[in-house]
Structures are given as C-alpha cells and as structure tokens.
Novice: 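Just dropping this structure here.
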Amino acid sequence: MTRMLTGNAAAAWGARLADVDYVPAFPITPQTEIVEALAGWCAERAMPARFVMVDSEHSMLTAAGAAAATGARVFTATSSQGLLHGIELLYTVPGWRVPFVLVNVSRGLAAPITLETDHNDVLAARDSGCLQIHAETCQEVLDSVLIAYRIAEDRRVLLPVIVNLDGFTLSFTREPVEIPSAEDAAAYVGTYAPRHAYFRGGEPMAQGVAVLGGALYSHFRYQAHLAAENALVVHEEAAADFARRFGRHHGLVDGYRLDDADLVLIMSNSYATKGRAAVDRARAAGIALGVLRLRVVRPFPLEAIRRALAGRQAVAVIDQNLSIGAGGILVREIAHALYDASPRPRLLSYVGGLGGKDIGEAEFAHIVQDLQRAAATGEVPPPRLLMTEAEAAQVRGLIEIAGGNGAR
Amino acid sequence: MTAERSAYRNLKDLPREEFVLPGTPLCAGCGALESLRLAAKILGDHVVWVNAAGCFTILAAFPYTPFRGSWLYTTMGSAAAGAQGVRDALDVLMDRGRVGREDDVQVVVVAGDGATFDMAMTATSGALGRHLDFWYFCYDNESYANTGVQRSSATPFGVRTSTTPVTAKTPEGAEEERKDVFEIWRAHGPAYLGTVSPRYPVDLARKLERARRLRGPKMIIAAAPCPTGWEFDPARTNEIARLQVETGMFPLKESVAGEPPVHTVVPARRRPVEEYLRGQGRFRHLFEPVRNDAAIAHIQAGVDRYWEAVAPASR
C-alpha cells in the first residue's frame, strides 16, 4: 500500500516490517516520533517486540548491544547529542560483532545548541565500526532499514548499521511511501539465528572480553574492518534482491544526470534533492552538470566513486558538516578516491547547510560558476562556507541586537 | 528476621562445586574474588555475568575465562543497562518460542564500587526504577583500585589514596564521607538488598538463597578487602574482613522490598575501630608519625552513631 509518511514514520515502518524483537528507546528531537510510533504498536501488539524506555542513550545503546549479543533482532533510534551521549557503545558493539539497526535523525551539534540538520552527529560515528547508509527520501528510509538488516546480520559482516536521515527536512516531511506487505518484508529480511553470539543456559559464552597486547587487539580491530569492507559486496547483493522483489534499486552511490556530466556536485541525504533541482536549472542553461549522491558512507565505496567520477572535469563536494580546524569531512575522502585518477578532475570544497541553513539557488549558481572556471582554467577557489548576502545581513543584525561583537 | 528455613546452617552446607575457577590474574588475597566465588556457588552456572570496567574486567581476558557461566563486558557506566538488554532479549525470545524456558539464565551485573557509587548511578537507578529482574553484585574495595587506588565515592573518611594524599594541609587523606549507596538503592524499593562479607560465608549464602526466590532487582554490596589498595599482607584478608564487621565498620544487613534494613550479624560487643584501622597502610597516617586522635575519634563516632540508630531494630 502507498501512504503519505514522514521520514520518521517511514523509519518506524521499517522496524515494524523487519519484525524486530526489541526496541530500547530514549526521546530526542527530531527523532522522538519514531519511538513514539513503535511504543504504540508494541503496546497494542501490532508488533510482538518488547519496547523499553531507558534512562539515557548510553543505556539505550548498551541495552541494544547486549540484546543483540543475546540473539535478538534490535532496532533503536536517536539524534545529535543523543548519538554523542551513546557513542562509547557505537565504538564498543561493533567489536562484539553483533548486528542492530540504529536510525539517526541528523541534527547539528552543540554548541550553540540547535535543532535542525547537519551531519556532524552521524559523522562522529564515522570511524566507529557501525556501517552508515544516508537516505534522501522517505521511501529510501524505509527501504534502507530493511536492507540494513540484511547487511548487518550477514555472516560476512555482523556489524551494526546506522541509517541516517535529515532532521526536519526529511523527518517531518510527508512523501508518498510504498509500504511492503509484512509477508514480503519478512521473506526479504529473513530471520536472525546467530551461530556465533548468544546467551543460553548451560552453554557458556564469553563476549566482549579484554585482550592483553597490541597484536591481538590489532587482529580483532582489523577483522571488523575487513567485515565492513565485505559489506560492499553484501550491500550489492541485498540491493539487487530488494530491486527484484520490490522494484526499487538503491546503489552504493546514486547519480542524477551523471552520464554525460562534465561537472559534478557531490552531496548526501535530503539536500541532494536541492542539488537535483540545481542540475535541472544548469542543464536548461546548457551546462553539463550532474549530482553524485553518497549513499553508503561506511564502508566507503571507493571504487564506485572512482567509476562515477572518471573523466569528469571538475567536482564540487558540498559537505553538510565541518571538521573544525580542517574543513569539510567528506571532501578529504573524495580526494583519496580521486588522487590516482588520470586525468584527475579539479576538486572544489564547500561547507553548507549547517544547522539546517538552506542552500539556495544563488549558492548553487555560484558553485556552478566556480566549477565552470575550474574546468576551463584549472583555477580552484579556496574552500568556502555557503551563505547568501541576505543571510549574512540577518546575522549581522542579530549580532547588533546582542550588543555587537564585543570588539568595540 | 525472615522465618523461612535455610539450606545453609553452617559452612559444610555450602556447595563444594566451584563456578569461578582458580588461576585468575587478580591480586593474591583479593577479597572481592573470594566474595564472588562464594556468591557463584549459590548462583550456579546458568548465569550471564555483565561486567563494568574495574578489577574484574581482566578476569575474562582472551582466550581465557574462569567462569562456568557466560560473560559480557559492557562499559564502566552502563552494566545495568547491559543486564536490561540481556534480560529483555531472553524474555522476548522465550515468549516468541525461539529460546526454550530451560535455557533461561540469571543476569548478574558484577561491578566495583567505583562504577557503582559514581559513574553507573544513573543506569543502575534506571534498572531499579523499571524493577528489572536481575542481580547486581558490587565488590566494594572502597576505591578505584584497578587504576592504582584513587578515591571513589565509596572511600571512607580518613583513607590515603593516590588522589587523597596525606599532606600538611590534608592530614586525614580523604576528607569526604563514604556515600550511602545502600540507602540510595533502598529508596528504589528493590526486591532484595543486602551486604555480605567473604568472612561470613553462611550469612552470604543465606542472603543469596533468600534473594533467589524473588523477582526484581537483587542488589548485593560485597565487602572486598584489598591487600594491594588497603596495604595489608594478602594472608590477612579474612582477618581484615572479620575486623571490618566486628568493629561495625561494615554492617551486614538486608532489606526486602525496600523495608527498613534488618541486621543479620550484630557484633555483641563492638571492637574499637582502631583495631581495624591499625592493620592497614591506608590508615597509617592516623597513627604515625603522630597519632591523630581527632580523626580516629571521628571515625569511631560515626560507627557509634550508626549502631545507636539501628540497634533497636536489630535486637
């Protein structure tokens, strides 16, 4: 059936259709709607899962990991400060090699405290061992949760997966979403029957044990890394099977009007939709622009990105995040992918959309001009923060109200 | 006192079977390990030990474990939430027919006083508030012992630790009193709450036996004399544990469903705290080079005040 669902409702439907056993929960804006929906379904027995409100995200992710280590299929959700509060577990549970799916509804990090989206929260878990799928649409959120269980529980992977969506712009936006039947979803996701990690009486098993010495530590950490790399193949299998059953294909990366594009915008999540509109405007003006959307961020699909960018003249990465003291985070990873390309496209870096700030037509037009100049002359501008004159004037006005910047 | 009959009348009644096997990397004379060994005799092998960072974390170091039950190391601050996840997962898997009832296990947090009294208060309070059916075994060596003996909120007044040094300005060492976690937990109304000592194995066994019949949180604070941190000869662990109780420094008591505590061992004639303090290097500064009468009297007064308040209930 097709229904109008918010991104949050689509995430909740994903958990319901995955027939999860356990949902430990804690509220945080803009995620809360997900756990509220699941609480209702568990209470009225529309879902057989056990729902429990715990005392913090740190406890929530501990309970999630421990339940997964016991052999249950687990779903949970958070945002922003909550993800950071629980991040000790996001680094710990991958080492236990047990799967669960966490939906993160992206929201800028404090300070200053704010509510709207950017990706510094989810990218703080970039190196944790949790895999990451970044979704653009409500449909993709639901589909990605189902695909995530296939990847997380695959014996070649056995790692948690984070499905990321933008707070507000997607979490509270209603779109038509095709909801698979429970039977079709169950046939696709399968059952979780771990042979490697569980707790049963009379069958002692030690999990999460200490190691003494760097060699053993290195071994186990690298095993997790190799398992994450296996997820590239497992994702392709899971996505192909999903497409066969449901008619929607989700790649490691997603291209828009990319085939003959000389110039490329690289974006992720819901703002990529704004990028698509910018491409249509540029194409109408005769400019060969396309969008490459990063969907699977961990494992990093190096080869898929190399293939997608081969032969382009200039590429602009719009990082909706800021590594303070370095700049955009993803542009560095794209640079790695491009370093050995020959010919190598020019690489431009922008930071935009922080804390839910819009990226408007003028900003895209500016980036396209930069791309054209880089392609024609090789000239690459320094990394820039995207902000319009009107927005800058508004900021100046508010600083005046606050009494100026203190320099006088 | 509860009227039910116990299987444990004297030491010979305790099971001979061991569930925490020898050969661990813990210190010689570890009072915590002795408390755990005794408790495990009553709990058996259908157990998942859920651990928080502390001395016991090195008990299970790849590829060895001394436990005949299962083990999960979690974090320092959230072992009780780990117990929540294991308990809930088993319950839902049994409800859904994927795990047989005969494969059920008891979930037991094992955490030191550092985690218990400080970082993990929130997660433990959460589990108590949800009336989770689990055990919590706190081995109380009154310090962050595993990191080299720093002050925890379980450290009593007058103890020298590596973060409460004895100086001209701080002649007592630790100036703060020990946090009363027993009463904090009791305010949550747990199914069972008791203190135990490795020198009182029958009392320990009877408490675990009583708790085992109850659903809900079963909270144990175990005295854990620590030769390394308290600075006494490892051969004297039992003697120190006995003095800890006989001087009234570590009351053995229990509370069911948050009822006022009942003292299970009441020293007929409490020995002066000095007899307990003198034998430990961590208190040496109270006696040498100059005797600190005020500090010793302060400790004695605290113990006297405690027992005067509870004595009517325990007579």
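Naming: A, B, ... by sequence-line order, numbering from 1 per chain.
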Novice: Strictly less than 4.5 Å between heavy atoms, which residues of residues 148-160 of chain A line up against chain B? Please order them by number.
Specialist: none
Novice: Of the listed residues (A:Val52, A:Val74, A:Val93, A:Thr92), which shares the most heavy-atom pairs with chain B below a 4.5 Å separation?
Specialist: A:Val52
Novice: As an exercise: rank B:Thr65, B:Val48, B:Val105 by heavy-atom pairs under 4.5 Å with chain A and give me the winner.
Specialist: B:Val48
Novice: Apply the test side chain to side chain contact (heavy atoms under 4.5 Å, CB included) to residues A:Phe199 and B:Val86: give CA-CA distance (whole Å), side-chain angles for both, the deciding distance (0.1 Å), then the verdict.
Specialist: CA-CA 8 Å; A:Phe199 292 122; B:Val86 175; 4.2 Å; yes
Novice: Picking from A:Ala206, A:Gly208, A:Gly201, which has the most non-hydrogen pairs under 4.5 angstrom with chain B?
Specialist: A:Gly201
Novice: Run the side-chain hydrogen bond (donor to acceptor under 3.5 Å, both in side chains) test against B:Arg37 and tell me which residues pass, sequence neighbours left out.
Specialist: B:Glu18, B:Glu34
Novice: At what distance, to the nearest 0.5 angstrom, does CG of B:Asp103 lie from OH of A:Tyr198?
Specialist: 9.5 Å
Novice: Would you mind checking which part of B:Asn51 comes under 4.5 Å of any heavy atom in chain A, side chain (CB onward), backbone (N, CA, C, O), both or neither?
Specialist: neither
Novice: Using non-hydrogen atoms and a 4.5 Å limit, figure out which bit of B:Arg130 sits close to chain A: side chain, backbone, both or neither.
Specialist: side chain
Novice: Can you confirm whether more than 12 heavy atoms, excluding those of A:Tyr91, are under 6.0 Å from its OH atom?
Specialist: yes
Novice: Using side chain to side chain contact (heavy atoms under 4.5 Å, CB included), reason through B:Thr74 and A:Trp96 one step at a time and then give a plain yes or no.
Specialist: CA-CA 10 Å; B:Thr74 54; A:Trp96 300 352; 4.2 Å; yes
Novice: Could you tell me which portion of A:Tyr22 (side chain, backbone, both or neither) has an atom closer than 4.5 angstrom to a non-hydrogen atom of chain B?
Specialist: side chain
Novice: For chain A, which candidate among B:Gly126, B:Gly44, B:Ser70 shows the most heavy-atom pairs at distances under 4.5 Å?
Specialist: B:Ser70
Novice: Given the options A:Gly202, A:Ala68, A:Gly213, A:Pro24, which has more heavy-atom pairs under 4.5 Å with chain B than any of the others?
Specialist: A:Gly202
Novice: Locate the shortest heavy-atom distance separating A:Val209 from B:Ala60; write the atom from each residue and the value.
Specialist: CB-O, 3.5 Å
Novice: Taking every heavy-atom pair that is under 4.5 Å apart, which of B:Asp45, B:Leu90, B:Thr57 has the most such pairs with chain A?
Specialist: B:Leu90
Novice: Say you draw a straight line from NE2 of B:His46 to CZ of A:Arg200; how long is it, rounded to the nearest 0.5 Å?
Specialist: 12.0 Å
Novice: Please flag which part of B:Asp104 lies under 4.5 Å from any non-hydrogen atom of chain A: side chain, backbone, both or neither.
Specialist: backbone
Novice: Are B:Leu72 and A:Met205 side-chain neighbours, meaning at least one heavy-atom pair lies under 4.5 Å?
Specialist: no
Novice: Given heavy-atom pairs under 4.5 angstrom as the criterion, report whether the side chain, backbone, both or neither of A:Phe220 touches chain B.
Specialist: side chain
Novice: Heavy-atom cut-off 4.5 Å, strictly under: side chain, backbone, both or neither for B:Leu93 against chain A?
Specialist: side chain
Novice: Would you indicate whether the side-chain heavy atoms of B:Arg96 and A:Asp19 approach each other to under 4.5 Å?
Specialist: yes
Novice: Is there any residue in residues 36-50 of chain A with a non-hydrogen atom under 4.5 Å from a non-hydrogen atom of chain B, and which ones are they?
Specialist: A:Pro48, A:Arg50
Novice: At under 4.5 Å between heavy atoms, what parts of residues 55-66 of chain A are in contact with chain B? List them by residue number.
Specialist: A:Asp55, A:His58, A:Ser59, A:Thr62, A:Ala63, A:Ala66
Novice: Count the heavy-atom pairs under 4.5 Å between each of B:Ala127, B:Gly82, B:Ala83 and chain A, then report the option with the highest count.
Specialist: B:Gly82
Novice: Tell me, for A:Val54 versus chain B, whether the close heavy atoms (under 4.5 Å) come from the side chain, the backbone, both or neither.
Specialist: both
Novice: Contact part of A:Tyr192 toward chain B, heavy-atom cut-off under 4.5 Å: side chain, backbone, both or neither?
Specialist: backbone
